[in-house]
Amino acid sequence: MKIDRFIKAALVGLSVAVATTGPAGAETLKVMQGSASSALKVAMNRAVVVEADEPFAEISIANPEIADISTLSDKTLYVLGKAPGRTTLTILGPDGHLITNVEIHVTPDIAEFKERLRQILPNERIEVRTANDGIVLSGVVSSAQKLDRALDLARRYAPDRVSNLMSVGGTQQVMLKVRFAEMSRSVHKNLSASLAMANGNVGLGTGTFADAGNQSALFDGDPTTNPISSVEANGRMVFGVNTGGLQLAIGLEALEAKGLVRTLAEPNLTALSGQAADFLAGGEYPIPVVDKDGGVFVTYKKFGVELKFTPRVVDGNVINLQLTAAVSGIDPTNTFQQNGFSINAFKRRETQTTVEMRDGESFVIAGLLQDDFRDLAGQVPWLGDVPVLGALFRSSDYKRDQSELVIIVTPHLVTPTRGEALALPTDRIRPPTEAELFMFGKTAAANRPKSGAASEVAKQDFSGSYGYVME
């Protein structure tokens, strides 16, 4: 008996020690005069000792999946939290009468969770509470990445029972500055020779003079029947010899064409972190479409400089960008014709990527160099292979097209400013009066603000660049 009493006393002492030295939620509940002093809160995987002021004979738990119980003596029992939830503990006396019903509330072990949260995110102001059988997080964190870390840790302690009331502080608006630069260069060279001979009504010609009509036009001296088109005639030289009844003509055609196209666009677009934004500088091309009933309706295809992006402020000034950029234009050299409609094709250069950079840093996300080369040589069989004189029976055509497209992106974290600090391009000028237009020939008159930040911007003249400058 003494040994049994000693063992029971040791178990009670151990349970009380665990309850009093454990984290919040591990406590001792006393039941006096047939009623519990308060509801019993038990942390999951923690234990609480319940003491009664009178002996009990029977105890039961409504849901053993939430809490488990075991007796230590006729006045003391042990409650272990197993899963988050609420249940009821019933205590009966020796004569079967009800001593009390104790409400047991098992909650996630937020004490350990708070400790881990302080270790992983030491400088974040995150408040942790329990609600029903879940965890509620509130407060302000410095970045979306740290918010995700806190939520991921909370789900390990309360899977599918985490309520997020946190918000992200700091600057969460991103302005994307994109520079589209495209250079296209084309070189076309052509060199050909033609030979024509005629004797009375008999004629022979090669190259441009191969047609008998061209031969006669060559020799009659009539410029209206020039055998060479006006375009080709820009690089044409003709030598003719007439000796008796024999007429001889040699034509040389040399043409060189060069072209250069420069395209530049610098769209600036601002969007909230996590929200998409798009931009189009161009137009829409009408395309006729035949429906199933044979009717014709028009759809429109966009072309020009297109930009779509979704920014996400990851941590501090680190920005994640999902970006789609495209440059397209109408290609008149490639058309489709049917039922009286002529539809041009499109040239399109597009890139889609995801990059990560800091505020103010830049990336070249696309650099495309396209080089098309064509070299064509035509000649009269056998005659074109004769040394020196064979050049009169040959024609050569050389064409090279080069195109280079570069796209540079630069994100900036921005905040709104007061409207008085902004100036529009139209703020600098105003329509001229009749006197200014007719007497002085002015097509525009200066209209500059007198004071404020906008006046400094408006002092720029028309010889400089235009747009907005964000510092």
Side-chain angles (χ1 to χ4, degrees), residues 121 124 126 137-155 162-182 263-285 299-329 346-368 405-417 419 422 467-471:
L121 303 173
E124 301 299 325
I126 302 177
L137 301 179
S138 60
V140 179
V141 293
S142 58
S143 67
Q145 186 181 35
K146 293 181 178 179
L147 185 145
D148 293 337
R149 290 179 182 176
L151 291 177
D152 183 65
L153 182 62
R155 293 188 187 103
V162 179
S163 297
N164 177 27
L165 301 180
M166 294 182 292
S167 60
V168 180
T171 303
Q172 295 297 308
Q173 294 185 115
V174 179
M175 184 189 73
L176 188 65
K177 181 179 181 181
V178 183
R179 300 176 65 191
F180 293 85
E182 182 177 19
T263 303
L264 180 65
E266 296 188 15
N268 295 341
L269 201 59
T270 303
L272 188 65
S273 176
Q275 302 297 319
D278 59 84
F279 169 88
L280 172 64
E284 293 186 342
Y285 182 76
T299 61
Y300 291 88
K301 180 178 178 60
K302 296 179 180 180
F303 68 91
V305 178
E306 300 178 66
L307 172 65
K308 297 180 180 179
F309 83 105
T310 303
R312 289 181 175 85
V313 182
V314 179
D315 188 8
N317 62 346
V318 179
I319 305 170
N320 180 282
L321 288 175
Q322 292 182 350
L323 181 69
T324 300
V327 179
S328 59
F346 283 79
K347 289 183 178 180
R348 184 177 179 88
R349 284 80 71 204
E350 180 177 355
T351 180
Q352 183 174 358
T353 184
T354 301
V355 294
E356 193 168 275
M357 62 191 81
R358 296 184 180 275
D359 179 19
E361 295 180 341
S362 298
F363 266 149
V364 178
I365 65 169
L368 173 64
L405 172 65
V406 177
I407 302 175
I408 303 175
V409 296
T410 306
H412 294 280
L413 294 174
V414 296
T415 55
T417 185
L422 300 177
Y468 296 92
V469 178
M470 296 292 186
E471 296 294 342

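As a basis for the values below, the full set of heavy atoms in this structure was taken, side chains included, without hydrogen atoms, waters or symmetry mates.
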Next item on the list: Flag the pair Leu280 / Val305 as yes when at least one side-chain heavy-atom distance between them is below 4.5 Å, and no otherwise.
Entry: no
Margin query: Angle between ring planes, Tyr285 versus Phe346, binned at 30° and 60°: parallel, tilted or perpendicular?
Written below: perpendicular
Notebook entry, point to check: How many angstroms lie between CG in Asp278 and OG1 in Thr324, if you round to the nearest 0.5 Å?
Noted result: 10.5 Å
Next item on the list: Quick one: pull up CG in Leu176 and CG in Leu323 and give me the separation to the nearest 0.5 Å.
Entry: 6.0 Å
Margin query: With rounding to the nearest 0.5 angstrom, report the OG1 to CD distance, Thr270 to Gln173.
Written below: 7.5 Å
Notebook entry, point to check: Can you find a pair of side-chain heavy atoms, one from Arg312 and one from Gln322, that are under 4.5 Å apart?
Noted result: yes
Check: Val327 versus Arg348: any side-chain heavy-atom pair under 4.5 Å?
Finding: no
Next item on the list: Return yes if some donor-acceptor pair links the side-chain N/O of Ser328 with the main-chain N/O of Gly304 below 3.5 Å, else return no.
Entry: yes
Check: Roughly how far, to the nearest 0.5 Å, is the CE atom of Met166 from the CD atom of Glu124?
Finding: 9.5 Å
Next item on the list: Determine, step by step, whether Val174 and Val414 satisfy the side-chain contact (heavy atoms from CB on, under 4.5 Å) criterion, reporting the C-alpha distance in whole Å, the side-chain angles of both residues, the deciding distance to 0.1 Å, and the verdict.
Entry: CA-CA 6 Å; Val174 179; Val414 296; over 6 Å; no
Note to self: If I compare all heavy atoms of Ala150 with all of Ile126, which pair ends up nearest, and what's the gap?
What the structure shows: CB-CD1, 3.9 Å
Next item on the list: Could you tell me the separation between the CZ atom of Phe180 and the CZ atom of Arg349, rounded to the nearest 0.5 Å?
Entry: 11.0 Å
Next item on the list: Could you tell me whether the side chain of Val178 reaches within less than 4.5 Å of the side chain of Ile408, counting heavy atoms only?
Entry: no
Margin query: Less than 4.5 Å apart, side chain to side chain, heavy atoms only: is that true for Met357 and Pro411?
Written below: yes
Notebook entry, point to check: Quick one: are Thr310 and Leu321 in side-chain contact, heavy atoms under 4.5 Å?
Noted result: no
Next item on the list: Measure the CG-CZ distance between Asn268 and Arg179 for me, rounded to the nearest 0.5 Å.
Entry: 11.0 Å
Next item on the list: Check whether any side-chain heavy atom of Leu137 lies under 4.5 Å from a side-chain heavy atom of Leu151, and answer yes or no.
Entry: yes
Notebook entry, point to check: For the residue pair Leu307 and Ala325, what are the closest heavy atoms and their distance?
Noted result: CD1-CB, 4.4 Å
Notebook entry, point to check: Between Glu266 and Lys177, is any pair of side-chain heavy atoms under 4.5 Å apart?
Noted result: yes
Note to self: Using every non-hydrogen atom in the two residues, find where Glu284 and Tyr300 come nearest and quote the distance to one decimal.
What the structure shows: OE1-CB, 3.6 Å
